[in-house]
Protein chains: 2
Amino acid sequence: MTRLGRNPMYQQIADALREQIASGELAPDAKLPTEAEMRDQYGVSRETVRKALAQLVNEGLVVSARPQGHFVRRRRPMVFRPQAEFRKRPYSPEMDAFMTEYSAEGREPRQEIEVTIVEPPEDVAKRLRLEPGELVAVRKRVRYLDGEPFNINDSYFPLTIVRDSEIMRPEDIGRGANEVLAELGYRQVRTLDELYVRMPTPEQTHRLDLGPGTPVGVHVVTGYTTEGQPVRVAVTVLPGDRHVISYERQREAPNEDA
Amino acid sequence: MTRLGRNPMYQQIADALREQIASGELAPDAKLPTEAEMRDQYGVSRETVRKALAQLVNEGLVVSARPQGHFVRRRRPMVFRPQAEFRKRPYSPEMDAFMTEYSAEGREPRQEIEVTIVEPPEDVAKRLRLEPGELVAVRKRVRYLDGEPFNINDSYFPLTIVRDSEIMRPEDIGRGANEVLAELGYRQVRTLDELYVRMPTPEQTHRLDLGPGTPVGVHVVTGYTTEGQPVRVAVTVLPGDRHVISYERQREAPNEDA
DNA sequence: CTGACCGCATTGTCCAGTCAATGCGGCCAA
DNA sequence: TTGGCCGCATTGACTGGACAATGCGGTCAG
């Protein structure tokens with residue numbers, strides 16, 4: 001482990017540990033050597049060892065549990081299925097098998113709901129085509145599984161169309177907020193979905209209790225009525241270490257392209 | 001900037017800088033104060049300032065350009081549209097507007113293609129339902145835009161069905177590899193899409209020339225024929241700082257759910 | 001037996017310093 | 001004018017140290 005290949009020592013140490021994790025030599029939940037042990041083993045200072053460990057933590061491969069040591073992280077992803085909104089059942093056998101593998105079966109779900117009226121963030125206002133100053137109702141939800149926060153879902157509705165409706169009540173809506181919108185005369189027939197991949201803001205880190213090195217997927221759904229009017233913007237924040245996002249597609253017309 | 005709120009100094013410095021970036025006080029491409037300046041300004045050691053900067057770099061907010069200093073990062077995302085495979089044109093007006101905003105118009109595209117025959121990685125073998133030892137053909141592509149690597153796309157095909165076909169040639173296939181598969185008698189009518197959000201492996205970091213703190217989306221498409229036979233697994237790696245993933249959905253049946 | 005307390009191993013924070021690498025801008029020679 | 005070289009500001013890598021925080025496990029008093 002000497003300074004041959006031009007790579008800095010902390011890189012080489014991180015690479016060595018990463019390799020041990022990938023090969024299974026260090027299994028999930030296994031304890032890594034302590035900083036002091038590695039300092040002696042590699043003949044470097046403790047800060048250099050710490051820099052290597054910090055890199056692995058940032059990659060999401062390792063967690064630190066003071067003062068027990070560093071441990072190989074175990075992943076338990078869960079399926080997020082945007083299509084669940086519009087499709088009831090008919091999945092292909094492949095999708096069924098996939099769902100079974102990553103199902104929430106046997107885990108205990110819970111959610112917290114909070115409804116407020118606010119001036120919308122700029123990006124939401126733009127998607128709902130609101131004039132400056134127009135207000136929206138927000139349903140902010142945090143969903144938990146086995147007591148662990150799993151995702152954030154904030155749904156924005158133009159205040160003019162949901163005022164005094166069931167949507168304003170901070171309770172679970174059994175038949176879904178989309179059905180309530182439909183009853184109010186705003187049935188959504190089309191959505192535009194955007195997905196961003198990035199590191200979380202400190203606020204998201206806090207709300208989702210994220211460890212360092214956990215990226216998030218931000219899923220933004222804008223729902224439109226037949227007339228093309230946007231009536232809902234839903235922002236879902238999905239911690240990368242806890243989700244697989246999955247959906248199914250079918251050929252539409254019998255012609256082909258790129 | 002004293003040690004009141006229990007937060008470590010490097011956190012407080014990082015928070016202050018993050019706030020200045022969010023507020024626009026430090027605009028994109030703006031130069032941050034040098035480490036020495038901040039050391040004096042906050043009355044801490046240089047290492048502490050560096051720890052704060054490292055955090056911002058890891059969040060993808062700041063880049064360091066030695067020896068010019070640290071700069072606020074500018075983002076220029078690009079649309080990734082999985083549906084492009086199956087849909088030719090008919091997008092809604094909303095989607096059209098969105099595409100225009102993030103189009104590649106005026107940027108210069110280029111790609112490198114490499115075709116090899118390998119024993120597939122375990123996850124690919126599983127999706128293609130291959131027996132141990134069965135081989136696959138891989139088309140590995142790196143796509144560039146304005147000279148910058150934009151994404152990686154590795155497509156795996158069972159060797160038994162593509163041997164000696166056009167797919168084995170390391171050139172661009174104008175009408176698309178999917179059409180070639182169709183001509184060979186394996187038309188795909190359905191796909192299962194999975195999307196993972198995570199930090200890149202060192203190999204991906206290298207191939208995509210990623211800065212630290214850039215998460216990636218890993219998009220895995222498995223294509224099936226009418227008979228439900230998997231004939232293609234495409235793995236696309238999308239750097240989070242360079243993409244928005246976007247698609248459209250339509251109500252299918254005139255009944256509703258959650 | 002039980003509960004409170006304390007020692008200890010381990011990680012977290014921070015410091016003051018050294019030397020290396022890098023790229024820009026200016027200086028100087030042809 | 002032009003091309004090459006060099007100084008310099010700045011970040012990167014690393015050291016060896018100090019002290020704080022934390023939770024587990026064992027000890028000891030009741």
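Atoms CG and CG, on B:L32 and B:L61 in that order, are 10.0 Å from each other to the nearest 0.5 Å. Here OH of A:Y247 is found 10.5 Å from CD of B:E194. Values are rounded to the nearest 0.5 Å. Distance CG/B:N7 to CD/B:Q12: 6.0 Å, rounded to 0.5 Å.
Between the C1' atom of D:dA9 and the CD atom of B:E37 lies a distance of 11 Å, rounded to the nearest Å. Distance CD (A:Q11) to P (D:dA13): 8 Å, rounded to an integer number of Å. Rounded to an integer number of Å, the gap from CG of B:L53 to P of D:dT11 is 8 Å. Summarising the geometry, the separation between CG on A:N58 and C1' on C:dG12 is reported as 15 Å, rounded to the nearest angstrom. Atom-to-atom, CZ of B:R50 to C1' of D:dT10 comes out at 10 Å; the value is rounded to the nearest Å. The CZ-C1' distance, from A:R39 to C:dT10, rounds to 12 Å in whole Å. Computed from coordinates, the A:I13 CD1 to D:dA13 C1' distance equals 12 Å when rounded to whole Å. What separates CD of B:E35 from P of C:dG17 is a distance of 16 Å, to the nearest Å.
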TODO: Starting at the 5' end of nucleotides 22-27 of chain C, put B wherever the base has a protein heavy atom under 4.0 Å, S where only the sugar-phosphate does, and a dash everywhere else.
DONE: BBS---

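Across A:V44 and A:M9, no two heavy atoms sit closer than the pair CG1-CE, 3.9 Å. Closest approach of A:V115 and A:R139 over heavy atoms only: CG2-CG, 3.9 Å. Between B:V216 and B:M199, the closest heavy-atom pair is CG2-C, 4.4 Å. When every heavy atom of B:A52 is checked against every heavy atom of B:Y10, the shortest pair comes out as CB-O, 3.3 Å. Smallest separation of non-hydrogen atoms from B:Y156 and B:V138: CE2-CG1, 3.6 Å.
Listed pair B:Y10 / C:dC14 fails the phosphate criterion, with no side-chain N or O lying under 4.0 Å from OP1 or OP2. Phosphate proximity of C:dT13 to B:K51: present, with a side-chain N or O under 4.0 Å from OP1 or OP2.
A salt bridge links A:R18 to A:D15: at least one charged side-chain nitrogen sits closer than 4.0 Å to a carboxylate oxygen.
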Kindly give the atom pairs (protein nitrogen or oxygen, nucleotide nitrogen or oxygen) under 3.5 Å for nucleotides 15-19 of chain D.
| from | atom 1 | to | atom 2 | distance (Å) |
| --- | --- | --- | --- | --- |
| D:dT15 | OP2 | A:S45 | N | 2.7 |
| D:dT15 | OP2 | A:S45 | OG | 3.0 |
| D:dT15 | OP2 | A:T48 | OG1 | 2.5 |

